[in-house]
Amino acid sequence: MSNEYAVERRIRQHKLRRKARRGEIALRRVYKFVRFLFVLFIFYAVYRVAAAHYWYLPQNIYETYPNKHIEILGNTIVSNEKILNIMKQFPIEKKQIYKINPANIAREIETLTPIKRAYIRRYWLPSRYIVMVEEVNPALIIAPSEDTPERAAYAITGELIGSEYLPLKNKNNAIKILSYGTKGDDYEKWDIEKIENLYKLAKMIEGYSNEKVKYIDLRDPHKAFVQLDSVKIKLGEIDVSVFERIKAIPTILPGIKNLKDIKTQYIDLSWQKTQYIKEDVSGN
C-alpha cells in the first residue's frame with residue numbers, strides 16, 4: 001500500500017507542477033501582450049502629439065500684431081512693423097515648429113542698421129516665435145536747430161540711424177548735435193573717430209560742469225557752442241586742444257553763478273590760454 005500511495009502522490013505533485021507551469025506561461029503571455037499594447041499605445045500617443053495642430057504655426061501670423069503666435073522683445077528703435085516685414089519674406093513652412101530653423105530669419109533681421117543681434121526662440125502650446133533683438137545705443141542725435149525734429153542719429157559704434165527710425169523713443173543718454181550737414185561737414189559722412197570724440201566731449205563737459213549738455217551747435221564748425229542748463233560755452237574749433245580748454249569749466253562756472261547782476265551771453269573757451277565771459281548787453 002505504501003508504494004502505491006507514494007506513486008499516486010508523485011503523480012499528483014507532477015500534475016500540480018505542470019498546472020502551475022501552464023499558469024506561469026499563460027501569465028507571461030498575458031504580460032507580454034499587455035506590454036505590447038502599452039508600447040503600441042505609447043507610439044500612438046507620441047505620433048498623435050507630434051502630429052497635433054498645436055505644433056504648426058498658422059499661415060496668417062504676420063497679418064496682425066500682437067497675437068499669441070509671435071512676440072517681439074527688446075526693440076525701441078526699430079518698429080514692430082519693420083521686423084514683421086522682414087519676417088514676411090520667409091513664408092511659414094507647413095511642418096512642425098521644432099523642424100523649422102529660424103536662423104535665416106534672425107540673420108535677415110540683423111541687416112536692419114540699428115539691430116546688433118537677433119534671436120528667435122520656438123515654443124509650443126501654442127506654437128509661437130519669440131523674437132528678441134539687441135539694438136545699438138544711440139549716442140548722437142542730429143537736428144538743424146534746437147526746436148526741429150531730428151534728421152538722423154548715430155550709434156556709439158558708428159552706425160548711422162536714418163530718418164526712417166526717427167524719432168527715437170529712448171534718447172536719454174544721447175547728445176543732441178545741431179548741424180545743417182553743409183559747409184564741408186556732412187554728418188552722413190562722419191567717421192567713428194568724430195562720433196566718439198563728440199560724445200566724449202559732451203560727457204566730459206557734463207562731468208566738469210555737473211550740468212546736462214542740451215546740445216552742441218556745429219552749424220558753424222569754426223564757432224562751435226555747447227548749451228548747458230545754465231550757460232552757453234563757446235568752443236570755437238573742435239580740435240585736439242578742446243579737451244584741454246574745457247578743463248577751465250570747473251574754475252569759471254561757479255564764479256558766473258555768483259554774478260547776480262550780470263547776464264552772461266556765453267563763456268569763451270575758444271583759446272588755449274585765454275578764457276573770458278561774454279556779457280549779454282542786449283537787454284533781453
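The basis for the numbers below is simple: all heavy atoms, side chains too, and nothing from hydrogens, waters or symmetry mates. We're numbering straight along the sequence, starting at 1.
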Please determine if Glu146 and Lys214 form a salt bridge, counting it only when a charged side-chain N lies under 4.0 Å from a carboxylate O.
no
Side-chain heavy-atom pair Leu112, Ile86 within 4.5 angstrom cut-off:
yes
Taking all atoms of both residues into account, what is the closest heavy-atom pair of Pro149 and Pro144, and its distance?
O-CD, 3.9 Å
What closest approach, in Å, do Ala224 and Leu218 show between heavy atoms, and which atom pair accounts for it?
CB-CD2, 3.8 Å
Polar side-chain atom of Asp191 near backbone of Lys194 as donor-acceptor pair, under 3.5 Å:
yes
Any chance you could lay out the side-chain hydrogen bond (donor to acceptor under 3.5 Å, both in side chains) test for Asp147 and Ser145, step after step, and finish with the verdict?
CA-CA 6 Å; Asp147 301 322; Ser145 67; 5.9 Å; no
Quick one: pull up CD1 in Ile92 and CG in Leu57 and give me the separation to the nearest 0.5 Å.
5.0 Å
Flag, side chain of Arg122 to backbone of Arg128, donor-acceptor distance under 3.5 Å
no
Salt bridge (Lys or Arg N to Asp or Glu O under 4.0 Å) pairs touching residues 73-96, sequence neighbours excluded, are Glu93-Lys95
Would a 4.5 Å heavy-atom cut-off, applied to side chains only, mark Tyr62 and Ile70 as touching?
yes
Residue pair Lys232 / Val226, side-chain heavy-atom distance below 4.5 Å
no
Does any part of the side chain of Ile109, heavy atoms only, come nearer than 4.5 Å to the side chain of Met87, both counted from C-beta?
yes
Would you tell me whether Ser270 and Asp268 have side-chain atoms, one donor and one acceptor, within less than 3.5 Å of each other?
yes
Quick one, Ile216 and Ile205 - any side-chain contact, counting heavy atoms below 4.5 Å?
no
So, the side chain of Lys68 versus the backbone of Pro126: is there a donor-acceptor pair under 3.5 Å, distance only?
no
Pairwise side-chain contact, Leu201 with Ile175, heavy-atom cut-off 4.5 Å (strictly under):
no
Given the ring of Tyr215, does Lys176 sit roughly above its face, with NZ or CZ under 6.0 Å from the centre of the six-membered ring and within 45° of the axis?
no
Look up atom OH in Tyr208 and atom CD1 in Ile252, then write down how far apart they are to the nearest 0.5 Å.
13.0 Å
Going by side-chain contact (heavy atoms from CB on, under 4.5 Å), name the residues that satisfy it together with Arg28, two or more places apart in sequence or in a different chain.
Glu24, Ile25
Is there a continuous path of hydrophobic side-chain contacts, each under 4.5 Å between heavy atoms, that joins Phe243 to Leu140?
yes
Could you walk me through whether Phe90 and Glu108 pass side chain to side chain contact (heavy atoms under 4.5 Å, CB included), step by step?
CA-CA 10 Å; Phe90 299 85; Glu108 193 64 24; 3.9 Å; yes
Is the backbone of Ile77 close enough, under 3.5 Å, to the side chain of Asn75 for a donor and an acceptor to pair up by distance?
no
Show the nearest heavy-atom pair for residues Glu237 and Val242, with the distance to one decimal.
O-CB, 4.5 Å
Apply side chain to side chain contact (heavy atoms under 4.5 Å, CB included) to the pair Trp271 and Arg245, showing each step before the final yes or no.
CA-CA 7 Å; Trp271 301 96; Arg245 288 185 267 129; 5.7 Å; no
Nearest 0.5 Å, what's the OG1-CG distance between Thr148 and Leu178?
7.5 Å
Any side-chain heavy atom of Gln227 within less than 4.5 Å of one from Asp217?
no
Please give the remaining members of the hydrophobic cluster of Leu73, linking ILVMFWY side chains under 4.5 Å, ordered by chain and number.
Tyr119, Tyr123, Ile130, Met132
Can Glu211 and Leu253 be said to form a side chain to side chain contact (heavy atoms under 4.5 Å, CB included), step by step?
CA-CA 10 Å; Glu211 295 185 19; Leu253 192 58; 3.8 Å; yes
Verify, without hydrogens or angle tests, whether Glu135 (side chain) and Val78 (backbone) share a donor-acceptor contact under 3.5 angstrom.
yes
Evaluate whether atom CG of Asn173 has more than 12 neighbouring non-hydrogen atoms of other residues, nucleotides or ligands under 6.0 angstrom away.
no
Just how far is it from atom CD of Glu150 to atom CG of Leu168, taken to the nearest 0.5 Å?
5.5 Å
Kindly give the heavy-atom pair with the smallest separation between Asn170 and Pro138, and that separation in Å.
O-CG, 4.2 Å
Lys203 NZ: over 12 foreign heavy atoms closer than 6.0 Å:
yes
Is there a donor-acceptor pair closer than 3.5 Å between any side-chain N or O of Tyr65 and the backbone N or O of Glu71?
no
Rounded to the nearest 0.5 Å, what separates atom CZ in Phe36 from atom OH in Tyr31?
14.5 Å
Do Ile156 and Val136 come close enough that some side-chain heavy atom pair is under 4.5 Å?
no
Do His69 side-chain atoms and Ser127 backbone N/O form a donor-acceptor pair below 3.5 Å?
yes
Should the heavy atoms of other residues, nucleotides or ligands under 6.0 Å from CD of Glu193 be counted, would the total exceed 12?
no
Does the plane of the ring in Trp55 sit parallel, tilted or perpendicular to the ring in Trp124? Use 30° and 60° as the thresholds.
parallel
Verify, without hydrogens or angle tests, whether Tyr154 (side chain) and Tyr187 (backbone) share a donor-acceptor contact under 3.5 angstrom.
yes
How far does CD1 of Ile233 sit from OG of Ser209, to the nearest 0.5 angstrom?
6.5 Å
Using modelled atom types only, decide if a donor and an acceptor are shared between the side chain of Glu206 and the backbone of Val213 within a distance under 3.5 Å.
yes
N/O donor-acceptor pair under 3.5 Å between Glu134 side chain and Ala118 backbone:
no
Do Trp190 and Ile177 pass the side chain to side chain contact (heavy atoms under 4.5 Å, CB included) test, and can you show the C-alpha distance, the side-chain angles, and the key distance before you say yes or no?
CA-CA 12 Å; Trp190 288 356; Ile177 306 293; 3.8 Å; yes
Closest non-hydrogen contact found for Ile195 with Gly158 is CD1-CA, 3.9 Å
Tyr180 and Arg151 have their tightest heavy-atom pair at O-NH1, 4.5 Å
